[in-house]
Amino acid sequence: MSKIKKAFFCKQCGYESPKWTGKCPACNEWNTFTEEIIHKEQPQSKESWKENQQNKSIVLQEVVAEEKQRIITKDDELNRVLGGGIVLGSLVLVAGEPGIGKSTLFLQDALMMHDLKILYVSGEESEQQIKMRANRINIQHDEFYILTETSTQSVFQEIKKIKPDLVIIDSIQTIQSPYLDSSPGTISQIRECTAEFQRFAKETQTPVFLIGHITKEGTIAGPKLLEHMVDTVLQFEGDQHYAYRILRTTKNRFGSTAELGIYEMTGTGMKPVSNPSDILINQKEEQLSGIAIGSTMEGLRPLLIEVQALVTPSVYGTPQRTASGFDLRRLQLLLAVLEKRGGFHFGTKDVFVNIAGGLKIEDPAIDLAMVFALLSSYEDIPLSQKICFAGEIGLSGEIRAVNRVDQRISEAEKLGFESIYISKYNRKSEPHKGIKTISVALIEEVYRTIFK
Ligand code: TYD
Ligand code: MG
């Protein structure tokens with residue numbers, strides 16, 4: 001005998017409540033509760049994934065902890081982001097906006113694993129659509145199985161038959177457990193299906209990738225709620241209008257979360273970008289004012305990027321400030337510092353800044369490049385393309401030290417820059433022969449050497 005059971009769930013954080021409430025007591029969001037039927041079958045008839053379930057407590061000293069085995073994929077960016085390859089038995093969530101290229105990337109990476117048996121479960125696309133995408137990517141694989149199923153029970157039946165080495169679920173929002181009455185994509189379904197895949201992954205040591213959508217606001221059930229349940233969360237992001245995609249970890253039980261991979265979307269799939277600075281800096285023939293090259297760290301990798309600024313006389317009473325890829329409040333702060341400490345009159349100017357390539361930069365080390373892009377546009381004097389900057393600006397106009405300065409200098413050296421401006425408070429631990437490092441303490445010093 002079974003009885004219908006209903007509950008209310010918060011769409012934001014997955015909090016469960018027996019009755020409706022306006023404000024979620026867990027995450028304090030308003031109007032996020034929806035009612036869902038959670039008609040569970042009797043436990044004894046439940047057979048989602050169970051092999052040998054015997055729970056015993058064990059003394060910690062008796063636990064043998066060996067280094068987790070990993071599958072090293074052919075995609076170095078993915079390996080790095082995962083902390084050195086795919087850990088056996090791990091459950092990885094890949095979250096990203098629709099259309100960003102999640103299916104493309106994981107289809108492509110799986111097709112490159114020639115010695116593994118892969119099961120690709122798609123609840124969104126037909127076999128033909130997947131085949132068409134695979135044709136575009138143009139990689140052959142003999143043991144790549146496609147299953148267009150949405151029920152976890154059928155998926156597990158197929159898994160028992162094929163015995164794959166890696167399972168990809170595209171996407172978790174389309175999968176449904178037959179043990180729950182609610183429709184796919186609802187919080188209770190997502191939670192139940194993930195739990196089933198988690199049990200499967202842990203018991204069979206098969207890695208499982210769950211692909212999940214998030215909306216522009218990052219809300220909607222799913223990824224947010226799933227983050228607690230999975231071992232690793234990979235965030236796939238980028239601007240639809242640019243070809244660059246960034247894969248970063250926001251949670252990783254088996255590695256660092258500071259790593260990041262960069263890809264370029266091409267007509268034939270995703271191409272890993274091993275030297276991003278090369279692409280992000282346009283080597284222009286003519287000298288233009290308002291451009292400065294700054295050094296930033298993306299994860300543990302140094303990256304040189306182009307900072308662009310445009311300073312024009314203001315037409316209206318209130319000057320405009322627009323920033324893309326850079327924090328607007330940080331820009332206002334830098335302008336205030338230049339106004340007060342340097343005597344530049346930005347108060348009567350409109351200021352527009354942009355980070356080339358559609359990247360969003362949060363690294364404060366980009367401040368110095370931003371200041372000199374602004375000053376270059378203000379003075380309408382182009383900067384040399386052979387110099388770059390790495391420094392944070394303090395409120396009194398001082399240039400502050402940045403982290404990993406040696407790596408930043410080496411990257412600039414590798415790319416053929418002649419000199420790099422860094423803070424005098426930065427200690428270098430290695431000598432750099434191919435590039436001149438200029439240590440400075442104040443903006444005025446740099447201003448005097450550059451604009452004479
Ligand atoms: P897709 O992987 O379907 O995105 P997601 O699974 O995250 O929703 O990819 C979406 C876009 O990628 C689509 O607009 C087409 C484009 N694309 C390319 O530009 N090159 C390619 O080789 C492929 C397969 C797709
Ligand atoms: Mg997709």
Side-chain angles (χ1 to χ4, degrees), residues 73-75 77-78 81-82 91-113 118-141 144-150 152 155 166-176 184-185 189-190 193-194 197 208-224 226-227 230 232-250 260-274 276 279 357-358 360:
T73 71
K74 297 249 166 62
D75 179 353
E77 305 288 301
L78 180 67
V81 169
L82 289 173
L91 187 64
V92 181
L93 171 70
V94 184
E97 285 169 25
I100 202 83
K102 302 178 293 297
S103 307
T104 308
L105 180 65
F106 284 88
L107 179 67
Q108 167 185 334
D109 281 346
L111 283 172
M112 284 196 289
M113 300 177 197
I118 315 279
L119 178 66
Y120 186 95
V121 181
S122 179
E124 293 188 342
E125 291 162 305
S126 66
E127 285 101 344
Q128 287 78 15
Q129 278 172 307
I130 298 168
K131 178 72 185 169
M132 275 160 59
R133 180 176 290 138
N135 284 345
R136 268 180 96 165
I137 296 168
N138 197 16
I139 303 172
Q140 309 302 325
H141 192 300
F144 189 91
Y145 295 90
I146 305 168
L147 177 67
T148 48
E149 250 308 331
T150 55
T152 49
V155 173
L166 178 77
V167 179
I168 298 173
I169 309 290
D170 188 6
S171 66
I172 187 70
Q173 272 97 347
T174 57
I175 301 289
Q176 108 188 84
Q189 277 291 0
I190 289 178
C193 295
T194 308
F197 285 113
V208 178
F209 280 84
L210 302 176
I211 294 177
H213 298 290
I214 48 169
T215 58
K216 274 257 184 276
E217 296 78 41
T219 55
I220 286 298
K224 278 283 169 226
L226 290 175
E227 282 174 23
V230 299
T232 304
V233 180
L234 302 183
Q235 196 94 29
F236 203 35
E237 53 194 40
D239 199 311
Q240 297 271 5
H241 307 291
Y242 291 94
Y244 301 106
R245 301 282 184 270
I246 293 177
L247 187 67
R248 60 172 101 235
T249 9
T250 53
L260 139 163
I262 302 179
Y263 296 89
E264 188 185 357
M265 181 64 118
T266 67
T268 52
M270 294 277 176
K271 220 176 77 212
V273 178
S274 49
I279 305 164
K360 288 189 184 61

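Whatever order the structure lists ligands and atoms in, that order sets their numbers, starting from 1. Scope of the values below: all heavy atoms of this structure, side chains included, with no hydrogens, waters or symmetry mates. Throughout, residue positions are numbered sequentially from 1 according to the sequence presented. Just so it is clear, the structure is predicted and the values come from calculations on it, not from any experiment.
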4.0 Å protein heavy-atom contact status of atom 1 (P) of ligand 1, strictly under: yes
Test item: Lys74 side-chain N/O and Met112 main-chain N/O as donor-acceptor pair under 3.5 Å: yes
Heavy-atom nearest neighbour in the protein, as seen from atom 3 (O) of ligand 1, with distance rounded to 0.1 Å: Arg133 NH2, 2.7 Å
Thr266 and ligand 1 - part of the residue with a heavy-atom distance under 4.0 Å: backbone
Closest candidate by heavy atom, reference atom 12 (O) of ligand 1, pool Lys271, Met265, Gln129, Glu264: Met265
Closest approach of Gln108 to Ile139 (non-hydrogen atoms, all atoms of both residues): O-CD1, 4.1 Å
Residue portion contacting ligand 1 (non-hydrogen atoms closer than 4.0 Å) for Pro98: backbone
Ligand 1 versus Asp170: contacting region, heavy-atom distance under 4.0 Å: neither
Nitrogen or oxygen of Arg136 less than 3.5 angstrom from that of ligand 1: yes
For the Mg ion (ligand 2): protein N/O/S atoms at distances below 2.8 Å: 1
Taking every non-hydrogen atom, the tightest pair across Ala134 and Leu111: CB-CD1, 4.1 Å
Sub-4.0 Å protein heavy atom near atom 10 (C) of ligand 1: yes
